[in-house]
Amino acid sequence: MTIIKFPNNFKWGVATAAYQIEGAVKEGGRGQSIWDTFAHTPGNVLNGDNGDVACDSYHRYEEDVQIMKDLGVGIYRFSVSWPRIFPNGVGEVNQEGLDYYHRLVDELIENGIEPMCTLYHWDLPQALQDQGGWENRETVEAFANYAETMFKAFNGKIKLWLTINEPWCVSFLSNYIGAHAPGKKDLSAAVNISHHLLLAHGKAVNKFRQCNIEGEIGFAPNVTWVEPYSRNQEDVDASQRAIGWMADWFLDPIFKGTYPSYMVDLFEENNADVPIMDGDMDIIRDSVDFIGINYYEANVGRFNSEAGLLQLEDVDMGYKKTDIGWFIEPEGFYKILTYIADRYGNIPIYITENGICVNDGVEAGEVKDARRIDYLKGHITSVNRSLQSGVNLKGYITWSLLDNFEWAEGYSKRFGLVHVNYRSLERTKKDSFYWYKKVAENGWFSV
Ligand SMILES: CCOCCOc1ccc(-c2cn(C[C@@H]3NC[C@@H](O)[C@H]3O)nn2)cc1
């Protein structure tokens, strides 16, 4: 038996996002978001699911905070629904929206849980999308205004801030692949959006610093690891393109002040140019106190000239898969974390998402999700190995507290430590909840 032990100051947390858990989409003065539009458009979400009710956490947040208190975590990472604060994206602030998040944050603090706030977790106000959304450079200013409003309203209460969650999903998954809202399939638009997201992040951080807001700020790219199938240069280069698309593309501008040239070339070869204007890269560079890293899966990649933008195909090596079809490969977590540390240096990192989709149900009042416990053991062991290797890891936040609306997969895919019955909205703590509780309380576990 091996003991995996973390430093006493290492933080443990759990994460959710507004559109995935809140519901109450027409309450409290909330405006419409692009996910309300996308989910209510037939064919976009499995089984026609939407976030109208979700986990009803808008009304049940006190119960959810008590569950987190029992879990023993130090951090709760949640997101704010921008259209609750600015129903039309800009203009008059909706005080009811601010009041809701004050209730939530006060409840967390009263129960000894530190709030980590993500400002943008994909639910763009529809009114801004109607003006071009993230493709429109004016949305950058709208985001900076929204961010400043939140910073000032919660200064001293919230001390850990994230601007944008998974910019690759917001830009490329949602506007090139088209699997998420708004469901566009235009590489040039997606590259354009990726730059505007970084610019919006940089402008928000400028506001954070100009207003002398207490605490730290970062953003949370999602990353993957792709192991080359062979040492052939074509396989190595193709695998690097997949890693760079999610990591380098969003982290190089912040830590190097430039986009990775091999990806700029790839996009230009596909008629997609980055719309950089004078001064943009100065706004983006050095604009974080820490970064959040979201990791779920790794792949093995092989060059295939016919295989899409990256000319890369996945090779099925027989790894175990999750119930959403992603490969389970904890080694990839260690590899991408050490890759990031090697490329950018000793930057403070929180793991802001890591978790597994397994759809175990309730039987006799219990959920025996042994596969989730195995996944967490393997991946948190990789986090510990990365920490031992010198990666400046500050904490681990698992996705997710609750089963919730998993975007285009709807409610068919369960990531929670807590099972949610979507008819009764009853919460049931899974076996993994009790395993993670011991880790959060003790800071160690055995494998
Ligand atoms: C090549 C074609 O691909 C089509 C689908 O491609 C993807 C890629 C990535 C995802 C994805 C989903 N999640 C989990 C979420 N992270 C944020 C939080 O809200 C969780 O719900 N992370 N990545 C989905 C779909």
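The basis for the numbers below is simple: all heavy atoms, side chains too, and nothing from hydrogens, waters or symmetry mates. Not measured: the values here are computed from a predicted model.
- Two rings, from Trp168 and Phe250, have their centers 6.0 Å or more apart.
- To the nearest 0.5 angstrom, Ile34 atom CD1 is 6.5 Å from Ser174 atom OG.
- Ring planes of Phe38 and Trp35: perpendicular class, angle over 60° (limits at 30 and 60°).
- Considering Thr352, Ile336, Ile351, Val383 in turn, Ile336 is the only one that fulfils the side chain to side chain contact (heavy atoms under 4.5 Å, CB included) rule with Tyr295.
- A salt bridge links Arg209 to Asp289: one of the charged nitrogens lies within less than 4.0 Å of a carboxylate oxygen.
- When ring centroids are compared, Trp399 and Tyr296 stay outside the 6.0 Å threshold.
- Contact of the His121 side chain with the Tyr19 side chain is not registered, since no non-hydrogen atoms from C-beta on lie closer than 4.5 Å.
- Taking CD1 of Ile4 as the start and OG1 of Thr381 as the end, the distance is 4.0 Å to the nearest 0.5 Å.
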Using the side-chain contact (heavy atoms from CB on, under 4.5 Å) rule, take Val300 and Glu329 through it: C-alpha gap first, then chi angles, then the decisive distance, then the call. CA-CA 10 Å; Val300 173; Glu329 180 41 327; over 6 Å; no
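- With contacts defined as side-chain heavy-atom distances shorter than 4.5 Å, the pair Phe78/Leu401 does not qualify.
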Kindly determine whether Asn271 and Leu187 satisfy side-chain contact (heavy atoms from CB on, under 4.5 Å), including the steps that lead there. CA-CA 8 Å; Asn271 303 312; Leu187 181 63; over 6 Å; no
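- Between Glu406 and Lys413 no salt bridge is recorded (no basic side-chain N to carboxylate O distance below 4.0 Å).
- Under the 3.5 Å distance criterion, with hydrogens and angles disregarded, no donor-acceptor pair is assigned to the side chains of Asn47 and Tyr411.
- In summary, the side chains of Gln311 and Asp237 do not present any donor paired with an acceptor at a separation below 3.5 Å, with no hydrogens or angles considered.
- Side-chain contact between Asn50 and Val45 is absent, with no heavy-atom pair separated by less than 4.5 Å.
- Between Asp323 and Arg371 a salt bridge is recorded (basic side-chain N to carboxylate O distance below 4.0 Å).
- Close placement of the Trp245 and Phe172 rings is indicated, their centers lying within 6.0 Å of each other.
- Going from atom SG of Cys211 over to atom CG of Asn155 covers 8.5 Å, rounded to the nearest 0.5 Å.
- Checking Trp407 against Glu409 by side-chain atom types alone, no donor-acceptor pair falls below 3.5 Å.
- Proximity of Ile293 to Pro221: side-chain heavy atoms (C-beta onward) are separated by under 4.5 Å at one or more points.
- Under 3.5 Å, the side chains of Gln131 and Asn136 contain no donor-acceptor pair of N or O atoms.
- Arg77 and Thr118 form a side-chain donor-acceptor contact under 3.5 Å, judged by distance and modelled atom types alone.
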Please list every donor-acceptor pair under 3.5 Å in which a side-chain atom of residues 192-205 meets a protein atom from a residue at least two apart or in another chain.
from	atom 1	to	atom 2	distance (Å)
Asn192	OD1	His196	ND1	3.1
Asn192	OD1	His196	NE2	3.4
Ser194	OG	Val191	O	2.6
Ser194	OG	Trp249	NE1	3.0
His195	ND1	Tyr259	OH	2.7
His195	NE2	Asp280	OD2	2.9
His196	ND1	Trp134	O	2.7
His196	ND1	Glu135	O	3.4
His201	ND1	Thr163	OG1	2.6
His201	NE2	Ser287	O	2.8
His201	NE2	Ser287	OG	3.0
Lys203	NZ	Glu141	OE2	2.7

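- Donor-acceptor pairing under 3.5 Å is recorded for the side chains of Ser33 and Asp36.
- Side-chain contact check for Met317 versus Glu227: every heavy-atom pair is 4.5 Å or farther apart.
- Taken to the nearest 0.5 Å, the CG atom of Asp374 stands 8.5 Å off from the CD1 atom of Ile356.
- In this structure, Tyr339 and Trp225 have perpendicular ring planes: the angle between them is above 60°, well past the 30° mark.
- A salt bridge is absent between Glu22 and Arg30; no separation between the charged side-chain nitrogens and carboxylate oxygens falls under 4.0 Å.
- Heavy-atom neighbours of Lys5 NZ from other residues, nucleotides or ligands within 6.0 Å: above the threshold of 12.
- A salt bridge links Arg343 to Asp252: one of the charged nitrogens lies within less than 4.0 Å of a carboxylate oxygen.
- Residues Lys429 and Lys437 have side chains not in contact (no heavy-atom distance under 4.5 Å, counting atoms from C-beta outward).
- Atom CG of Asp186 is separated from atom OH of Tyr176 by 10.0 Å, given to the nearest 0.5 angstrom.
- Counted within 6.0 Å of OH on Tyr229, heavy atoms from surrounding residues, nucleotides or ligands total 12 or fewer; the atom is thus considered open.
- A donor-acceptor contact closer than 3.5 angstrom links the side chains of Ser57 and Asp64.
- When only modelled atom types and interatomic distance are considered, Thr16 and Tyr76 share a side-chain donor-acceptor pair under 3.5 Å.
- Taking a cutoff of 4.0 Å between a charged side-chain nitrogen and a carboxylate oxygen, Asp403 and Lys430 qualify as a salt bridge.
- Heavy atoms from other residues, nucleotides or ligands lying under 6.0 Å from CD of Glu138 number 12 at most.
- For the pair Arg241/Leu266, a side-chain contact is recorded, criterion being any heavy-atom separation below 4.5 Å from C-beta on.
- Contact annotation: the side chain of Leu160 approaches that of Glu216 to within less than 4.5 Å [non-hydrogen atoms, C-beta and beyond].
- Tyr319 meets the ring pair (Phe, Tyr, Trp, His ring centres under 6.0 Å) test with Phe327; sequence neighbours excluded.
- For Lys256, the NZ atom sits in a packed shell: over 12 heavy atoms of surrounding residues, nucleotides or ligands are nearer than 6.0 Å.
- The stretch residues 379-395 participates, sequence neighbours left out, in these salt bridge (charged side-chain N to carboxylate O under 4.0 Å, His left out) pairs: Glu331-Arg385.
- At least one donor-acceptor pair closer than 3.5 Å links the side chain of Asp235 to the backbone N or O of Phe303.
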Can you list the steps and then say if Lys207 with Ile213 is a side-chain contact (heavy atoms from CB on, under 4.5 Å)? CA-CA 9 Å; Lys207 297 276 189 183; Ile213 303 301; over 6 Å; no
Dump the intermediate steps for side-chain contact (heavy atoms from CB on, under 4.5 Å) on Phe415 and Ile324, then the final yes or no. CA-CA 10 Å; Phe415 279 85; Ile324 201 170; 4.2 Å; yes
Residue pair Tyr422, Asp49: steps toward the side-chain hydrogen bond (donor to acceptor under 3.5 Å, both in side chains) verdict: CA-CA 11 Å; Tyr422 294 112; Asp49 290 339; over 6 Å; no
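- Between Tyr436 and Tyr396, the two ring planes are tilted [angle within 30° to 60°].
- Rounding to the nearest 0.5 Å places CG of Asp431 at 11.0 Å from CG of Leu417.
- The two residues Ser389 and Thr338 come nearest to each other via the heavy atoms CB-CG2, 4.4 Å.
- Remark: aromatic rings of Phe143 and Trp82 are close, center separation under 6.0 Å.
- Asp369 and His419 share no side-chain donor-acceptor pair at under 3.5 Å.
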